[in-house]
Every structure is written in C-alpha cells, then in structure tokens.
Number of protein chains: 2
Amino acid sequence: MAHDHEPAKPHRITISTVAAALGVAVSTVSNAYNRPDQLSAELRERVLAVATELGYPGPNPVARSLRQQRAGAVGVLFAERLPYAFRDPAVLMVLEGIATTLEQAGLGLLLVPGRDDDTTTVQQALVDGFIVYSMMETDPLVQAALKRRLPTVLLDQPPRPDVPSIIVDDEAGARMATEHLLSLGHRQFAIITDRLVETNLRPSSAPINVHDQSKPTFFVTQLRLQGYRQPLEAAGIDWRSVPIYDCNDNNEADGAAAIQILLAHNPRPTAILCLTDRLALGAIAGAQQAGYQVPQQLSIVGFDDIPQASQSVPSLTTIRQDHRQKGLSAGQALIELLAGQSPTSYQRLAVELVVRDSTAAI
Amino acid sequence: MAHDHEPAKPHRITISTVAAALGVAVSTVSNAYNRPDQLSAELRERVLAVATELGYPGPNPVARSLRQQRAGAVGVLFAERLPYAFRDPAVLMVLEGIATTLEQAGLGLLLVPGRDDDTTTVQQALVDGFIVYSMMETDPLVQAALKRRLPTVLLDQPPRPDVPSIIVDDEAGARMATEHLLSLGHRQFAIITDRLVETNLRPSSAPINVHDQSKPTFFVTQLRLQGYRQPLEAAGIDWRSVPIYDCNDNNEADGAAAIQILLAHNPRPTAILCLTDRLALGAIAGAQQAGYQVPQQLSIVGFDDIPQASQSVPSLTTIRQDHRQKGLSAGQALIELLAGQSPTSYQRLAVELVVRDSTAAI
DNA sequence: CTATACTTCTGAATCGTTACAGAAAAAACG
DNA sequence: CGTTTTTTCTGTAACGATTCAGAAGTATAG
C-alpha cells in the first residue's frame with residue numbers, strides 16, 4: 001500500500017467513499033461523526049482513522065444543511081456598499097450588538113454584498129434569517145429578502161405587518177435637539193443631512209428645499225427631519241425658509257463642506273441641526289476653519305452620540321441612542337423568531353439629549 | 001372529530017409543488033428561474049405567476065449550493081470573540097479590505113463565531129473558502145478550518161506549506177521603531193504587549209520577563225518582540241533587563257495601567273515600545289495623568305498607525321502598515337484560489353516608520 | 001413532401017448528507 | 001435454554017434543487 005503509485009483519483013471523497021473503504025454503511029460513518037453513542041467506540045475510531053487517512057474533510061456542511069434545514073447563519077443587509085459598514089462608528093456598534101447575540105447562539109454573521117441592480121446575492125444567501133438594517137424601503141434587495149420568507153427583523157426601517165421591527169425614537173430625538181436650540185434663543189436654523197435625494201437624481205450641490213422632493217429616502221432621515229420641523233413650526237419659524245444642505249455621503253468632509261455653504265446663506269444661521277454626528281463634527285471643523293467660534297457664534301447639534309462626539313473640541317451636543325442595544329435587540333428578536341417564538345413585533349428604543357459644549361445661547 | 005376540517009397543509013412549497021400545480025416538469029420550473037432562454041416567454045411568465053401565487057420563495061439556495069458545489073461566501077476566522085472585531089480600528093481596516101474584494105466578486109463575508117472549545121461552527125460554515133486572520137496557531141479553530149480542505153489564505157499567521165500567506169514585515173517595523181529610539185539616545189527601554197501569555201496562565205500583573213515563557217502566542221507578537229530585541233542587543237543592552245508588561249487585552253485602558261507600573265520600575269525607562277497603537281495611546285494618557293511630559297520625559301512608540309494615532313496630543317510616532325491593503329491582498333489571493341489559479345504563495349507587505357511628536361531625544 | 005434544424009419541454013441522475021425503521025448480534029433474564 | 005432486552009449496525013427515503021441527454025413539436029430548407 002505504501003508503495004502504490006498515486007492514481008491521482010480526482011474523485012471527490014465523500015461519506016460513501018469512507019463507508020466503502022471500510023465496508024460499512026454510510027449511515028454508520030455519519031453516526032461516527034454525529035452520534036457517537038450509536039456505534040461502538042472501537043468502530044468509531046476506525047471510521048475516523050480511515051477518514052483522515054483518505055483525507056475526508058468531514059461531512060459536507062451544505063448537504064447537512066439541506067437535510068437539516070438550517071444554515072447556522074444570519075444574513076445582514078445594509079444600505080451601503082459592504083466596506084462602508086466597517087467605517088461608520090454608529091453602524092459598527094450596531095453590528096457589534098448583533099454579533100454578540102449571534103455568537104451566543106452559535107450563529108454566523110453573513111454580510112451580504114449588495115449591488116443594488118442584482119439581487120442574486122440575497123436570493124442565494126445561505127442563511128436562516130435576515131436582519132434588514134437601514135435600507136431604502138424601495139431597495140430591491142429588501143424586496144428580495146422578504147420574498148425569501150425567512151424569519152426577518154427590520155432595524156431602522158419602516159415597520160411592516162408580520163415582520164418584527166426595532167426602531168429608535170428618532171423623531172423625539174430630533175425634537176429634543178431642536179427644542180434645546182430654541183430654548184437657547186436661536187431663531188436662524190439650518191439643517192445638514194445626507195442622501196436625502198439619491199445621488200444620481202441630485203439637482204445641484206446647493207442647499208435644497210425639502211419640499212422640492214418627496215423621493216424615497218432613508219426612514220431615519222424622514223423621522224429626524226420631521227422631528228426638527230415640528231418644534232420649529234410650533235415656534236413660528238417657517239419650515240420652508242430653513243435651508244437644508246444635502247450631502248452626498250455621511251462623513252466629516254461632507255459636513256465641513258456643507259457648513260461653508262450654509263454660513264454664506266442670508267440670513268446666516270446661528271443653529272445647525274445635523275442628521276449625524278459625523279456631519280456635525282465635520283461642520284464644527286469647517287466652521288472653525290472658516291474663522292467662526294463654536295459655540296459662541298454658531299451652535300451645532302449632532303445625532304447618534306458616537307464615541308468621537310465627546311472627544312472633539314468643543315465636545316458635541318448630540319442625541320444619544322444605544323446603538324449596541326439596538327443590535328442586541330435585533331439579534332435577540334431574530335433568534336426568538338428562529339426558535340419559533342414570536343418576539344414583540346415592535347420595539348421602540350428611547351433617546352436622550354446630551355448637552356455638551358457645541359451649543360450655547362445666542 | 002365530525003367537523004374536523006383539514007387545515008391547509010403546512011407542507012413546504014418547493015419547486016415540485018409549483019411544477020405539479022402547473023402540470024409541467026420540475027426542470028421547467030428550474031429553467032424559468034435560471035435559464036429563461038430554455039422555455040417560451042409565455043410559459044415562463046405563467047410559472048412565475050403561479051410561483052408567487054403559491055408563495056414559493058424561489059429556489060432553495062442550500063439545495064442549489066449542494067448541486068452547484070459553491071456557497072457564494074467566504075468565512076473569516078478571527079482570534080477574538082466576534083464582537084471585538086468591530087471595535088479594533090486596525091482590524092476594521094483589514095476587514096474593510098477583505099470586504100471590498102469579496103463584494104466585487106459577489107461573495108458574502110461570513111464571520112464565523114468561535115467558542116474555542118467548540119469547532120462545529122467552523123466545520124459547518126457554509127463557505128467556499130477561509131481567511132484565517134491573526135489566530136493563535138494552536139487554536140483548534142484553525143485546525144478545523146484547514147481540515148475542511150477548502151481554499152484558504154493565512155493572514156498574520158505563521159506560514160504553512162501549500163497555503164498562501166500574507167504577512168506584514170512586523171519584525172522590520174519593530175526594528176525601525178527601536179532604532180529610532182536608540183538614535184535619539186535612549187538606553188532605558190520598556191515594552192508593553194498584550195496577551196503574551198494566555199490570560200488563564202498569567203502569573204501576576206507585574207511585568208514579566210519574556211524569557212519566563214515560551215507559551216503559544218500570536219505570530220505578530222513574536223515577530224515584533226524579536227524586532228525589538230535585535231537592535232537593543234546590538235546596542236549592548238541586556239534583553240533580559242528590559243521590563244515587559246503583558247496586558248490582558250489590547251486597549252487604551254490596559255495601556256494606561258501598564259505605564260503606571262513601568263514608570264515605577266527602577267531604573268525608570270525613558271523609552272516605551274508598545275506592540276499596538278491602542279496600548280501606546282493609553283500609555284501616553286496614563287503617563288500624562290501621572291504627571292509625566294511626553295515626549296520630554298518619556299518617548300513612546302506605537303505600532304499600526306491607526307487613524308487615532310495622528311489625532312492624539314502629542315501625536316504618536318508609530319509604524320505604519322497598510323491594513324486595508326492587507327485585507328485586499330488576502331481577499332484577492334482567496335479569489336484567485338477559488339478561480340483555480342495559484343496566487344503567489346507568500347506575500348510580505350512593507351512597513352514604514354512615521355515619526356510624530358511622542359518621541360524626542362533624551 | 002422529406003430532411004434538417006431549431007424550440008420547447010421532460011425524466012432521470014446527481015449533489016452529500018441525515019433520519020428512521022428495522023435487521024443482526026450480543027447481553028441479560030428467568 | 002428459550003425469551004426478552006439492549007447494543008450495533010444497515011438500507012433507504014428524504015432534503016430541494018440543477019444538469020443534460022433526448023423526446024416532441026414546429027419552423028426552414030431543399
């Protein structure tokens with residue numbers, strides 16, 4: 001045997017290769033791996049020995065999954081190109097929460113790539129369920145995921161019947177931010193958002209009026225804008241007069257660029273509501289660069305309370321939400337769903353105003 | 001019993017349910033989904049219509065995977081508990097690089113959870129290949145992954161024959177850091193590392209001498225320590241006299257704690273070599289807190305050049321490596337492997353000394 | 001009108017397991 | 001020593017698709 005010429009059998013080694021080599025039934029080999037109590041220890045060892053000798057890589061997980069009707073992984077759908085997920089601090093905290101619960105349940109976390117024209121990746125993802133996180137409701141990937149009819153949890157998405165949703169009280173948060181600024185005496189507001197209008201539809205880089213568009217946008221964006229609007233109008237400020245600058249992307253550089261334009265606006269705003277902390281941190285930097293004092297001349301409020309918010313100079317007044325908890329709740333809900341239980345179909349997480357040094361009385 | 005009406009059979013809807021409903025062959029239904037050119041447009045539409053009417057979720061991906069012998073996803077194995085991966089800036093850049101290449105190839109990224117005693121998650125992961133990143137070589141998860149005999153790429157791991165490896169020239173980087181400090185005239189060195197000794201084996205929290213252990217540790221840890229040692233010995237400094245503080249974890253708090261102990265050491269070190277930027281940033285903060293001036297009284301060098309390194313005060317002198325490129329290369333190599341090509345079996349990425357403000361002449 | 005070439009559709013084999021009912025062998029029992 | 005129980009092992013039917021050779025039917029050509 002040792003001197004045999006390698007016939008280089010390109011044939012695949014499966015459970016039945018091993019069974020044949022030993023002259024036992026395939027079910028015996030299967031049992032050797034999965035039910036040690038179903039065969040004698042002696043035979044089991046022989047099976048395992050022959051298996052390694054033949055280079056058998058162990059039971060094929062795909063075949064096992066087919067038979068057992070479970071994939072052992074959960075798919076996460078996310079609005080952005082995959083790599084972006086690893087760059088945004090808020091997103092990362094959410095993913096961390098999701099990962100924590102999944103790990104405890106022994107489930108893998110599959111990040112599904114999304115070229116939005118092509119839904120095959122979603123259709124073919126080997127998962128037991130989905131967490132759909134902050135996608136445009138109209139995104140074909142969302143439709144594709146729902147069509148799979150797998151246990152699914154929506155996170156930062158417009159709720160749908162029959163699908164558990166976890167959302168944050170973004171609207172209340174935005175109200176709190178606005179009321180805070182109003183209470184400081186501000187009357188001239190401006191807003192920095194991102195991707196209010198899809199990039200390819202965007203008319204120009206100038207601030208746009210929110211009324212000019214009712215295109216699809218992100219759910220949380222809608223909620224936050226609505227939360228800004230209400231107290232402003234209650235304070236007698238014309239919503240249509242509030243300039244809104246729509247960035248291409250959620251990052252500091254875009255926030256810095258936005259503030260330049262808004263500071264040139266007449267009347268010059270004294271209070272800036274930013275839809276995210278990253279935009280707000282960029283706005284602070286941009287304003288300072290342009291020679292403005294924050295908060296003496298300009299108050300800026302963010303949203304999310306990412307770790308960097310407390311590090312900046314001045315530190316950022318913002319709305320705190322528990323990102324990690326958001327992920328934990330989503331993961332938990334999905335795990336319950338997978339276990340055949342029915343989790344609360346709608347969870348709303350609270351937010352909190354964190355007053356720091358980027359806001360001051362006018 | 002009398003009025004026991006049959007509730008609609010909760011029977012699963014498969015391709016053959018649809019075929020039966022239409023009175024066509026299953027292969028026809030399959031073709032309707034996968035080979036539109038193989039049947040008339042009219043029939044195809046009828047198939048699809050009936051399918052949605054029956055609530056058919058589309059071809060089962062697991063069955064398809066079994067037949068087609070591909071999972072459409074790549075597994076990433078990482079040393080830490082899953083959630084940690086989302087917290088470490090350096091790791092995130094690597095993951096971003098990996099995700100970028102995988103997305104382009106339309107592959108999913110499966111984060112495999114690792115309870116180290118239990119390898120079933122690795123054995124059962126539905127993937128076409130693995131990227132093994134910065135794991136202890138002795139970790140059973142690594143063994144389990146290799147046993148799968150899938151295309152695999154090693155990243156920051158000791159190279160193995162027949163498995164493409166991508167590593168960073170950590171040793172050279174550590175040498176550069178050390179030589180930089182030596183050239184500034186430093187003679188009293190100390191080192192801050194983490195997890196040199198497994199947590200449960202750790203004797204105490206006091207600095208330990210590296211000679212006292214030859215336990216398994218991380219590959220890059222070994223390389224970096226070796227890189228520190230060589231120039232020190234060349235400069236006539238007794239390696240055994242260099243205190244090494246071994247933290248429980250790679251984070252700022254542990255770095256800050258470590259520096260307190262080291263500053264109490266006699267003779268007091270003037271130059272601190274940190275195995276990571278996070279430890280170094282913690283060390284700077286800790287030293288300042290204890291009333292020491294960095295770099296006037298104490299020079300500190302990090303490793304990795306994470307984004308935060310340039311933001312700290314003083315900014316951190318460190319060794320830069322291209323984390324994103326590391327991920328890109330690993331992803332690329334794996335994709336080539338999956339395509340049946342054979343990528344270069346060994347890639348070593350260069351590093352670079354970045355001198356900032358945390359180091360000065362003694 | 002026959003021969004040839006397309007279209008359109010079908011049937012059976014295959015992917016690699018696990019689950020389950022039951023056969024064979026061994027052990028325990030009265 | 002026959003009978004029952006327990007331990008081991010086996011054979012086969014799912015699991016849900018895709019693939020591919022070829023059957024029927026239809027159009028094109030000669």
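A, B, ... follow the sequence lines: proteins, then strands. Residue 1 opens every chain.
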Grab the N/O contacts between the protein and nucleotides 21-27 of chain D below 3.5 Å, and write none if there aren't any.
none

- Note on the structure: Per atom distances to the Arg64(B) side chain, the nearest of dT18(D), dC9(D), dC15(D) is dT18(D)

- Task: Report yes if at least one side-chain N or O of Ser65(A) is closer than 4.0 Å to OP1 or OP2 of dC15(D); otherwise report no.
- Result: no

- Can you check the Leu22(A) CG to dT8(D) C1' distance for me, whole Å? 15 Å

- Between Gln68(B) and Ala41(B), who's closer to the 5' end of DNA chain C by nearest nucleotide? Ala41(B)

- Just wondering, are more than 12 heavy atoms of other shown residues or ligands nearer than 6.0 Å to CG in Asp162(B)? no

- Are Tyr133(A) and Leu154(A) side-chain neighbours, meaning at least one heavy-atom pair lies under 4.5 Å? no

- Query: Within this structure, what is the CG-to-C1' distance between Leu126(A) and dC15(D), rounded to whole angstrom?
  - Reply: 15 Å

- Message: Tell me the interatomic distance from Leu66(A), atom CG, to dA13(D), atom C1', rounded to whole angstroms.
- Response: 13 Å

- Minimum heavy-atom separation for Leu22(B) to Arg46(B), with atom names? CD2-NH1, 4.2 Å

- Message: Any donor-acceptor pair under 3.5 Å linking the side-chain atoms of Gln123(B) with those of Thr119(B)?
- Response: yes

- Note on the structure: Between Arg35(B) and Leu39(A), whichever has its closest DNA chain D nucleotide further toward 5' is Leu39(A)

- Query: What is the minimum heavy-atom distance between Thr152(A) and Leu150(A), and which atoms define it?
  - Reply: OG1-O, 2.8 Å

- If you measure only the distance, is there a donor-acceptor pair under 3.5 Å linking the side chains of Ser329(A) and Gln325(A)? yes

- Go through DNA chain C in 5' to 3' direction and return only the first and the last nucleotide with some atom under 4.0 Å of chain A's heavy atoms. dG16(C) to dA19(C)

- Bend of the helix from dC1(C)-dG30(D) to dG30(C)-dC1(D) from end-axis comparison, five pairs per end, nearest 10°, comes to 40°

- Message: Could you tell me how far apart Gln123(A) (CD) and dA17(D) (P) are, to the nearest whole angstrom?
- Response: 13 Å

- Heavy-atom closest contact (Val62(A) atom, Ser65(B) atom, distance): CG1-CB, 3.7 Å

- Message: Any base atoms under 4.0 Å from Val24(A), or only sugar-phosphate, or nothing? Heavy atoms, all strands.
- Response: sugar-phosphate

- Checking all strands, does Thr28(A) fall into the base, sugar-phosphate, or nothing category for heavy-atom contacts under 4.0 angstrom? base

- Minimum heavy-atom distance between Val91(B) and Ala85(B), given as atom pair plus value: CG1-O, 3.8 Å

- Length of the line joining Asp37(A):CG and dT8(D):P, which is rounded to integer Å: 9 Å

- Using a cut-off of 4.0 Å on non-hydrogen atoms, how would the nucleic acid contact of Tyr33(B) be classed: base, sugar-phosphate, or nothing? nothing

- Query: Parallel under 30°, tilted from 30 to 60°, perpendicular over 60°: which one fits the rings of Tyr56(B) and Tyr33(B)?
  - Reply: perpendicular

- Query: Is Thr217(B) close to Arg195(B) at the side-chain level, that is, under 4.5 Å between some pair of heavy atoms?
  - Reply: no

- Item | Validation row: Asn60(A), Thr14(A) side chains within 4.5 angstrom (heavy atoms) | no

- Query: Of Ala25(B) and Val29(A), whose nearest nucleotide on DNA chain C comes first from the 5' end?
  - Reply: Ala25(B)

- Can you check the Arg70(A) CZ to dG16(D) C1' distance for me, whole Å? 18 Å

- Note on the structure: Here the distance between atom P of dC15(D) and atom CD1 of Ile15(B), to the nearest Å, is 14 Å

- Query: Where the side chain of Ser27(B) is defined as all heavy atoms beyond and including C-beta, which of dT19(D), dG16(D), dC15(D) is the nearest nucleotide?
  - Reply: dT19(D)

- If you look at every heavy atom in Ile13(B) and Leu54(B), which pair is closest and at what distance? CD1-O, 2.9 Å

